[in-house]
Structures are given as C-alpha cells and as structure tokens.
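Take a look at the structure below.
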Amino acid sequence: MVEIEILQRCNFSLELIVNGKVETRNKAEIIANYSGIITYNNIYNGKTVAKGDTLAWIENTELKIILQKARITLKEAETELSFLMLGFGGTATDTNSVEKEIFKNLKIRSGYSSALLDLKIANLNYQNTFILAPFSGVVANLESQNNQYTKSGSSLCQIIDYKNYLVEFYVTEYELSKISIGQTIQIQTLTGTGVFSNGNIVEINPIVNKNSLIKIIAKINKPSSTLITGMNVQVSIENIIPNSLAIPKKALVLRNNKKVVFTYKSNRAYWNYVETSAENSDSYLVSDGLMEGDSIIVDGNLNLVHEEIIVMKKQK
C-alpha cells in the first residue's frame with residue numbers, strides 16, 4: 001500500500017538559515033547631569049515609559065533657591081534698565097524708544113544682560129535635575145537604588161525602543177549572492193517554539209570581516225513581545241526558484257548510499273537514481289533522474305524493491 005504524488009513544476013523555496021541577535025534601532029544611556037540624592041519615579045527594569053516621562057529627579061532644593069534668586073536679580077536689573085532708558089529720553093516700557101546701540105549698552109550697564117544669562121544657567125541647572133525619557137521604550141539596566149547619592153555623568157539606566165527592533169546576523173561570501181535589500185526574513189527563538197515575526201533586510205555592510213563574514217541587518221516588522229534586546233534567534237531567509245521539480249523529503253530513500261525515488265507505473269514500483277541540488281525544511285530540489293508528470297511514491301516506500309507489485313491507497 002503506497003501513497004502517490006504527481007510530480008509538477010513549482011516555485012521552490014530555498015532557505016538560508018543562520019543565527020542572529022536581536023538589537024534595537026534606538027537605545028539611550030540615561031546619564032545623571034547633576035550630582036545628588038536621586039529619587040526614582042516608580043520605574044523598574046522592564047517598565048514601559050513614554051517620551052518625556054519623568055524617570056527620576058535629583059534633590060534640587062538649593063538649585064531651586066538659586067533659580068528664584070536669579071529671577072529676582074533679573075527683575076531688579078529690569079527696573080534699573082527702565083530708569084536708565086528714561087535718562088536717555090526714552091520710555092520705561094518701550095525698548096524701541098532709544099537707539100539700538102544705546103539700548104545694548106544700557107542692558108550691560110544695568111546688569112540686565114548678565115542677570116538674564118544667570119537666570120538661563122540657573123534654570124538649566126534646575127531642569128537638569130529632572131531626568132526625562134528621550135523616547136518611548138522600556139527601562140533596562142537600572143543601576144542605582146532610590147535615595148542613593150549619584151555623581152554627575154554616572155549611568156542610571158537605559159531606555160530601549162522595543163518597537164524598532166532589528167536583527168543582526170552574518171553570512172558567508174558565498175551566501176551573499178542570495179541576499180538583497182528588502183528581502184523578507186523570518187525570525188524564531190532558538191527554542192524552536194515557532195515563528196514570531198517577519199522582517200526585511202535594510203542594510204548589507206560592504207566589508208568582509210576577518211572571519212570572512214558579512215554583517216546583515218534586518219528590521220523586524222511588528223516585533224513579538226517575546227523578543228528582547230540581545231536575544232539569540234534563528235533567521236530564515238527565503239529565495240524562490242521558479243519552475244522547479246521538487247519532491248517531499250519522505251519520497252527519497254537511500255540505497256547503497258545512493259539517492260533513490262520510487263515511481264509508480266502499472267501497479268509496480270520502479271526505482272530511479274536521482275540527483276538533488278538543494279533542500280529546504282520539507283523538500284528536495286531535483287536536478288536529474290525524474291521528469292514532470294512522474295508518479296512518485298511518497299509513503300510506503302521504505303522497504304520497496306525494484307518492480308515490486310504495489311497497491312495505490314492515495315494519490316495527490
């Protein structure tokens with residue numbers, strides 16, 4: 001009892017399978033711009049944040065007082081500037097009531113220009129105590145604890161843009177001919193639990209490294225929540241070979257270390273030595289030994305011999 005399949009020409013999917021690593025297009029190192037006691041705004045590793053969210057702040061009571069003082073000093077300088085403008089025949093509230101060059105000198109003389117710069121610096125220092133998310137993403141590598149002293153320039157955490165994941169992998173010089181920009185890939189974890197996402201190749205590094213490999217980068221479309229930065233994955237790249245003769249892998253058996261496919265004709269099995277030029281996960285690409293329209297035996301062929309009488313139980 002055998003199962004038959006009529007051999008027809010088809011589009012053969014040639015798969016290139018390599019290992020890769022998940023990376024992200026955007027990853028920011030969050031640095032403290034001021035020294036002091038840090039207070040985190042309920043953030044933790046893995047928490048999702050939006051662009052502009054306050055991640056933490058550094059104790060800033062002194063800087064707040066300095067900022068308030070700078071505002072007062074600026075007000076005093078504005079008053080002095082108004083008196084000086086009146087002395088030059090101008091109007092206290094109209095900056096155009098005196099000549100531009102005179103007004104420029106009066107701003108310096110009154111201390112207004114210096115006070116304005118001091119206010120900008122005080123405001124900048126105060127704002128630097130608030131640590132904001134530069135873009136939407138997820139918190140990772142949270143370094144210090146709440147209410148700990150942190151130094152200016154020290155790393156606090158990272159923000160990873162999980163919506164713009166990439167996968168990096170390498171191919172050989174021989175395999176490079178099968179790679180092109182825009183080509184579709186499939187990604188799954190090394191545990192083999194299934195395909196998580198599709199992607200498209202966006203970069204081919206035009207340099208062969210010391211290991212004779214070329215770096216390829218692909219953008220992952222709609223990344224699965226299962227994928228995380230740095231994860232090792234399996235990348236499958238598909239090339240379509242049109243007008244091919246492909247047989248299921250179960251149709252091929254080995255006899256005396258030679259590849260054999262049995263064909264069906266007039267209730268008998270006939271073996272055929274075949275040559276294959278490529279394979280994918282479920283099929284072989286036949287280069288010699290079979291013809292389009294042949295009835296090949298795809299099941300019940302393990303113990304067949306040449307010209308054995310058989311019964312067809314199913315035909316596809």
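Here the structure is a predicted model, which is why all the values come from computation and not from measurement.
- By the 4.5 Å heavy-atom criterion applied to side chains, Val311 and Asn267 are not counted as neighbours.
- Residues Asn164 and Asp161 have side chains that bring a donor and an acceptor to within less than 3.5 angstrom of each other.
- The side-chain contact (heavy atoms from CB on, under 4.5 Å) with Ser236 is formed by just one residue from the set Ile17, Leu16, Asn280; it is Ile17.
- Of the possible polar contacts, one joining the Asn272 side chain to the Val261 backbone as a donor-acceptor pair under 3.5 Å is found.
- Across all their heavy atoms, Tyr165 and Glu23 have their closest contact at CD2-O, 3.2 Å.
- Aromatic ring centres of Phe130 and Tyr126: separated by under 6.0 Å.
- For the pair Cys157/Val139, a side-chain contact is recorded, criterion being any heavy-atom separation below 4.5 Å from C-beta on.
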Run the side-chain contact (heavy atoms from CB on, under 4.5 Å) test on Leu84 and Arg109 for me, step by step, so that the C-alpha distance in whole Å, both residues' side-chain angles and the decisive distance to 0.1 Å come before the verdict.
CA-CA 9 Å; Leu84 291 176; Arg109 182 176 171 183; 4.1 Å; yes
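- Ser110 places none of its side-chain heavy atoms less than 4.5 Å from the side chain of Thr79.
- Heavy atoms from other residues, nucleotides or ligands lying under 6.0 Å from NZ of Lys219 number more than 12.
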Mind running side-chain contact (heavy atoms from CB on, under 4.5 Å) on Val208 and Leu213 for me, showing each step along the way?
CA-CA 5 Å; Val208 179; Leu213 297 174; over 6 Å; no
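- Counting heavy atoms of neighbouring residues, nucleotides and ligands inside a 6.0 Å radius, atom NZ of Lys249 exceeds 12 of them.
- The shortest distance between side-chain heavy atoms of Glu307 and Tyr270 falls below 4.5 Å.
- Using a 4.5 Å heavy-atom cutoff, the side chains of Leu142 and Leu156 are not in contact.
- The side-chain contact (heavy atoms from CB on, under 4.5 Å) test with Ile201 singles out one residue from Thr184, Ile216, Val167, Val235, and that residue is Ile216.
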Report the C-alpha distance between Arg25 and Glu203 in whole Å, list the side-chain angles of each, state the deciding distance to 0.1 Å, and finish with yes or no for salt bridge (Lys or Arg N to Asp or Glu O under 4.0 Å).
CA-CA 12 Å; Arg25 176 69 73 180; Glu203 291 182 25; 3.5 Å; yes
Carefully, step by step, assess Lys250 and Asp282 under the rule side-chain contact (heavy atoms from CB on, under 4.5 Å).
CA-CA 8 Å; Lys250 60 182 180 179; Asp282 56 17; over 6 Å; no
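- Using a 4.0 Å cut-off between charged nitrogen and carboxylate oxygen, Lys265 and Asp294 do not count as a salt-bridge pair.
- Side chain of Glu29 to backbone of Ser155: no donor-acceptor contact under 3.5 angstrom is found.
- In this structure, the side chains of Leu285 and Glu279 stay at 4.5 Å or more apart for every pair of heavy atoms.
- The local environment of NZ in Lys21 is sparse, with at most 12 non-hydrogen atoms from other residues, nucleotides or ligands closer than 6.0 Å.
- Heavy atoms from other residues, nucleotides or ligands lying under 6.0 Å from CE of Met291 number 12 at most.
- Taking a 6.0 Å sphere around CD of Gln148, one finds it holds more than 12 heavy atoms contributed by other residues, nucleotides or ligands.
- Annotation: Asn209, atom CG; neighbour count of heavy atoms from other residues, nucleotides and ligands within 6.0 Å is above 12.
- For the pair Pro134 and Ile30, the tightest heavy-atom approach, listed with the atom from each and the gap, is CD-CD1, 3.7 Å.
- Using a cut-off of 4.0 Å between Lys/Arg side-chain N and Asp/Glu carboxylate O, Glu168 and Lys215 are scored as salt-bridged.
- Relative orientation of the Trp271 and Phe262 rings is tilted, given thresholds of 30° and 60° on the angle between their planes.
- In this structure, Ile297 and Ile4 have side chains that are in contact, with non-hydrogen atoms separated by less than 4.5 Å.
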Output, in order, the C-alpha distance, side-chain angles, deciding distance and verdict of side-chain contact (heavy atoms from CB on, under 4.5 Å) for Asn232 and Asn19.
CA-CA 7 Å; Asn232 293 311; Asn19 289 334; over 6 Å; no
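- Looking at Gln183 and Asn239, their side chains do bring a donor and an acceptor atom within 3.5 Å of each other.
- Using modelled atom types, one finds no donor on one side chain facing an acceptor on the other under 3.5 Å when comparing Ser287 with Glu275.
- Of the N and O atoms on the side chains of Thr229 and Lys27, not one donor lies less than 3.5 Å from an acceptor on the other residue.
- Within 6.0 Å of the CZ atom in Arg255, the count of heavy atoms belonging to other residues, nucleotides or ligands exceeds 12.
- Here the rule is side-chain contact (heavy atoms from CB on, under 4.5 Å) with Ile131, and of Ile38, Asp53, Asn33, Ile43 only Ile38 fits it.
- At a threshold of 4.5 Å between non-hydrogen side-chain atoms, the residues Leu117 and Ser113 do not count as touching.
- At a cut-off of 3.5 Å, with distance as the only test, no side-chain donor of Thr54 or Asn41 sits close to an acceptor on the other residue.
- Environment of CZ in Arg9: crowded, with over 12 heavy atoms of neighbouring residues, nucleotides or ligands closer than 6.0 Å.
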